[in-house]
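Keep in mind it's a predicted model, so treat the numbers as computed, not measured. Note on naming: letters A, B, ... go to the chains in the order of the sequence lines (proteins, then strands), and numbering restarts at 1 for each one.
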Amino acid sequence: MDEALLAQLTSSQRKAVSHRDGPLLVLAGPGSGKTRVITCRIAALVDSGVRPYNICAITFTNKAAEEMRQRAAALGPSGGAHISTFHSLCVRILRRYAEAAGIHSNFSIYDSADQSKCVKQAVKDCGLDGTNFPPARMLDAISTLKNKLIDAEAFQERAEDFFSRTLSQVYTRYQQILAERNGLDFDDLLMKVAFLLETDSAVCGELSNRFKFLLIDEYQDTNHAQYRLAKALALPHGNICATGDPDQSIYRWRGADIRNILAFEKDWPEAVVVKLEENFRSTAAILRAADSLIARNTNRKQKALVAVRTDEGKVCVEGHEDEAAEADAVARQVDALLSQKVPAGQIAVFYRVNAMSRALEEAFVRRRVPYQVVRGVEFYNRKEIRDLLAYLKVLANPADEVALLRIINTPTRGIGKVTVDRVKAFAVSHGLTLSQALARADQVPEVSGAARTKLMAFSCLLDKLRRDIVGPVAPLAERVFRESGLEQSFKGTGQDGQDALENISELINAAAAYDQQTTEPSLLDYLQQIALFSDTDAYEATSERAALMTLHAAKGLEFDHVFIIGLEDGLLPHERGNGDGDELEEERRLFFVGVTRARINLYLSYARYRTVRGQFLRTVASPFLFELGLDSITQKDEEPEDDEDAFGGYGRRPRLASRPVPAKQAEPEFAPGQLVRHKTFGLGRVRKYADMGANSVVTIQFNTGQTKSLLLQYAHLTRV
DNA sequence: AAAACATACATTTTT
DNA sequence: TGTATGTTTT
């Protein structure tokens with residue numbers, strides 16, 4: 001390994017890099033050069049005689065994996081090291097050991113849209129009402145169970161109350177449906193591999209022998225399944241290196257368990273722990289604020305933020321009248337920065353919820369400030385892309401019913417709902433897959449002659465497409481697009497069709513890139529890879545546009561100038577959920593992540609009124625603002641309320657001027673008939689409302705049966 | 001099959 | 001208030 005490079009590292013970085021055997025925990029604060037340490041560590045391992053082939057580095061996003069691959073490659077001969085996400089690793093393992101895992105290797109990967117179709121089906125099959133058992137809730141619950149490695153059988157045994165028993169039924173049926181279709185959802189990928197490793201010692205032995213050194217990045221975001229999987233893999237040799245920052249754990253809601261990193265030393269008693277506390281990213285003012293903020297969390301490991309930079313930077317807070325004024329002020333300040341020759345790519349605006357981008361976009365457009373909204377979905381969710389992929393999926397896995405149903409009448413070929421239902425029923429009664437039933441459509445008595453012909457024609461089309469599906473994917477995709485009739489259906493449909501064609505050609509280009517990069521391209525492999533990709537992977541800071549994104553999307557990025565908007569109680573921290581202490585701490589970490597993205601300047605703002613779901617509401621400043629240890633805030637917050645002079649001045653939209661004076665807003669809020677929630681009495685309906693100003697009395701009939709008259713100012717009611 | 005209409009629902013989001 | 005989805009109509 002390069003001596004000069006080693007010399008550049010701080011002593012703690014060097015310690016982490018040069019540690020060789022046994023468990024290692026790297027607690028890396030923001031801006032501490034963590035990625036560099038990991039990549040250097042890979043190089044150092046190779047240097048000490050470890051074959052790259054025996055190294056496995058796991059990240060959370062494809063983007064992070066790609067970046068790590070490149071940086072590792074730049075340092076030396078690390079080619080051959082396995083660097084990928086947990087999910088990609090699992091797909092590979094499941095393909096290799098399909099039989100041991102009890103699945104077929106040509107499984108489809110079901111994304112959330114596919115999942116929700118299957119859950120709906122499962123709910124229906126269990127004879128349940130979709131309104132009492134919303135599929136989305138069920139899916140969420142199932143996902144949580146899978147993340148905890150509780151499979152359908154295990155859950156059935158422990159399900160006791162009514163809801164759990166119902167859920168258990170749905171869960172069981174859902175797994176059956178997936179199995180029938182040879183599909184695995186994202187959680188299954190992890191769960192199957194974790195179980196495989198824990199139950200099959202031969203497979204586990206082989207894999208841990210292959211991956212002699214395990215590195216896991218963002219360990220604070222591992223869920224229980226990932227934790228168990230990693231542990232099983234590393235148990236034979238103990239060469240596990242976990243890196244992460246408990247203070248940046250912001251994915252509890254999707255199963256991340258911060259205890260994994262907090263208890264690492266319990267799991268691996270000989271673990272060496274290295275703290276990376278120097279921060280090379282931010283100016284001292286920002287780090288002081290961040291430190292003061294995060295120190296309020298109790299559930300964490302004490303870790304300092306030591307500024308390395310010595311240049312000047314600032315943290316400022318500004319209050320605005322409403323979200324439009326706030327957005328306008330941000331756009332104006334961004335514009336000012338741009339005119340000072342700050343590259344637009346060095347500016348970012350963060351917010352708590354996606355919906356907040358609207359006001360910002362309007363303001364940026366109005367002021368002609370170039371921006372881009374960084375979002376997570378888009379490309380692979382487009383209709384035309386999903387359509388073409390559905391064709392390919394059916395070719396690779398004929399049992400994939402979700403995909404088959406998608407294309408059976410796309411483009412329209414006169415196969416309607418009724419016909420499909422009849423074929424489905426035929427399939428069920430004869431124990432066939434839908435695809436098999438389709439091939440025997442002429443034997444379905446209920447289907448009319450015309451429909452029968454169309455079904456047979458479609459079945460023949462699939463057979464024809466399936467004839468030649470080996471080798472490179474791009475030509476295949478092109479052929480399918482043409483011969484399926486999809487191409488024809490987009491032609492002559494104006495601008496939308498044109499866009500669709502362009503998207504398809506982008507997909508085909510991507511497939512061609514895959515063909516080139518892969519030694520043995522195959523449709524199956526391609527589909528399984530693509531399912532694990534998202535659009536955030538495509539985001540690259542361009543120098544021409546300021547970036548607008550949620551705080552969650554900001555993780556891992558850094559900018560010279562960072563704006564965080566909406567610092568209001570209920571928004572940041574967000575009020576949703578049970579609001580327990582853990583949740584508040586996570587919100588604080590989220591804010592901490594946002595704050596520590598800034599290199600030079602941090603601009604915080606809040607609005608005194610905000611329109612939430614069409615209602616213009618008074619806000620309260622976020623408690624987090626007071627935890628930053630700044631001295632200017634209190635003064636700012638005491639700006640005069642309801643100051644009429646605050647109106648006007650920044651090209652506000654006219655409707656604002658005619659809004660009612662906010663003091664009146666309490667009046668209609670609890671009109672008779674209004675559903676309300678009380679802290680101790682629960683849900684109820686307002687029967688009577690006596691307006692006596694501050695002493696207004698509301699009479700409420702609660703769901704518990706009792707009726708109460710309460711003083712409005714003490715009742716703390718929320719509208720439902 | 002498309003358009004019009006109605007209804008439910010509204011953090012965060014990767015894989 | 002806005003959207004996404006489902007249902008009914010033409």
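For the residue pair A:P30 and A:D245, the shortest heavy atom distance occurs at CD-OD2, 3.4 Å. Across all non-hydrogen atoms, the minimal contact from A:Q220 to A:A256 is O-CB, 4.2 Å.
One atom, CD of A:E66, and another, C1' of B:dT15, lie 17 Å apart when rounded to the nearest Å. For the pair A:I109 CD1 and B:dT15 C1', the computed distance is 9 Å after rounding to whole Å. Summarising the geometry, the separation between CG on A:D217 and P on B:dT14 is reported as 17 Å, rounded to the nearest angstrom. A straight line from CG of A:L557 to P of B:dT14 spans 12 Å, rounded to a whole angstrom. Here the C1' atom of nucleotide C:dG2 and the CD atom of A:E323 are 14 Å apart, to the nearest Å. Separating the NZ atom of A:K63 from the C1' atom of B:dT15 is a distance of 16 Å, rounded to the nearest angstrom. If you measure from atom NZ of A:K417 to atom P of B:dA1, you get 14 Å, rounded to the nearest angstrom. A:E362 has its CD atom 12 Å from the C1' atom of C:dG2, to the nearest Å.
The side chain of A:Y251 lies closest to B:dT13 when the candidates are B:dT15, B:dT13, B:dA1. Among the nucleotides B:dT13, B:dT15, B:dT12, the one closest to any side-chain atom of A:A553 is B:dT13. You'll find that the side chain of A:R358 is closest to C:dG2, out of C:dG2, B:dT13, B:dT14. In the set B:dA1, B:dA10, B:dT13, the nucleotide with an atom closest to the side chain of A:R613 is B:dA10. When each of B:dA10, B:dT11, B:dT13 is scored by its nearest atom to the side-chain atoms of A:H574, the top-ranked nucleotide is B:dT11.
Ring to ring, A:H574 and A:W253 are not that close: their centroids are 6.0 angstrom or more apart.
Side-chain nitrogen and oxygen atoms of A:N354 include none within less than 4.0 Å of the OP1 or OP2 phosphate oxygen of B:dT11. For the pair A:N62 and B:dT14, the criterion of a side-chain N or O lying under 4.0 Å from OP1 or OP2 is not met. Neither OP1 nor OP2 of B:dT11 sits under 4.0 Å from any side-chain N or O of A:T550.
Contact annotation for A:K120: backbone-only contact, meaning every heavy-atom pair under 4.0 Å involves sugar-phosphate atoms and none involves a base. Within 4.0 Å of A:E587, counting heavy atoms only, lies at least one base atom of the nucleic acid. Contact annotation for A:D111: no contact, since no heavy-atom pair falls under 4.0 Å across all strands.
Look at A:E585 and A:R296 and you find no salt bridge, because none of the NZ, NE, NH1 or NH2 atoms lies under 4.0 Å from a carboxylate O.
Residue pairs meeting the salt bridge (charged side-chain N to carboxylate O under 4.0 Å, His left out) criterion with at least one partner in residues 184-196 of chain A, sequence neighbours excluded, are A:K146-A:D185, A:K146-A:D188.
Helical stems of DNA chain B (runs of at least 3 Watson-Crick or G-U pairs, donor-acceptor distances under 3.5 Å) are listed by first residue: B:1-10 with C:1-10.
Going from the P atom of B:dT12 to that of C:dT5 covers 15 Å, rounded to whole Å.
In this structure, B:dT11 shows a glycosidic angle within 90 degrees of zero, which is the syn conformation.
Evaluation of A:H552 against the base of B:dT12 yields no stacking contact (centre distance < 5.5 Å, interplanar angle < 30° required). Both thresholds, 5.5 Å between centres and 30° between ring planes, are met by A:W253 relative to the base of B:dT12, so the two rings are stacked.
Annotation: A:R259, atom CZ; neighbour count of heavy atoms from other residues, nucleotides and ligands within 6.0 Å does not exceed 12.
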(Q) If you apply the rule ring-ring contact (aromatic ring centres under 6.0 Å, His included), what do you find for A:F211 with A:H82, and how did you get there? (A) CA-CA 9 Å; A:F211 298 125; A:H82 183 99; 5.6 Å; yes

**Q.** Residues A:N62, A:E66; criterion side chain to side chain donor-acceptor pair (under 3.5 Å); working and verdict
**A.** CA-CA 6 Å; A:N62 287 300; A:E66 183 52 36; over 6 Å; no

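Each of A:T85 and A:G414 was matched to the nucleotide of DNA chain B holding its nearest heavy atom; the match closer to the 5' end belongs to A:G414. Between A:L551 and A:R137, it is A:R137 whose nearest contact on DNA chain B lies nearer the 5' terminus.
Using modelled atom types, one finds no donor on one side chain facing an acceptor on the other under 3.5 Å when comparing A:D247 with A:N297.
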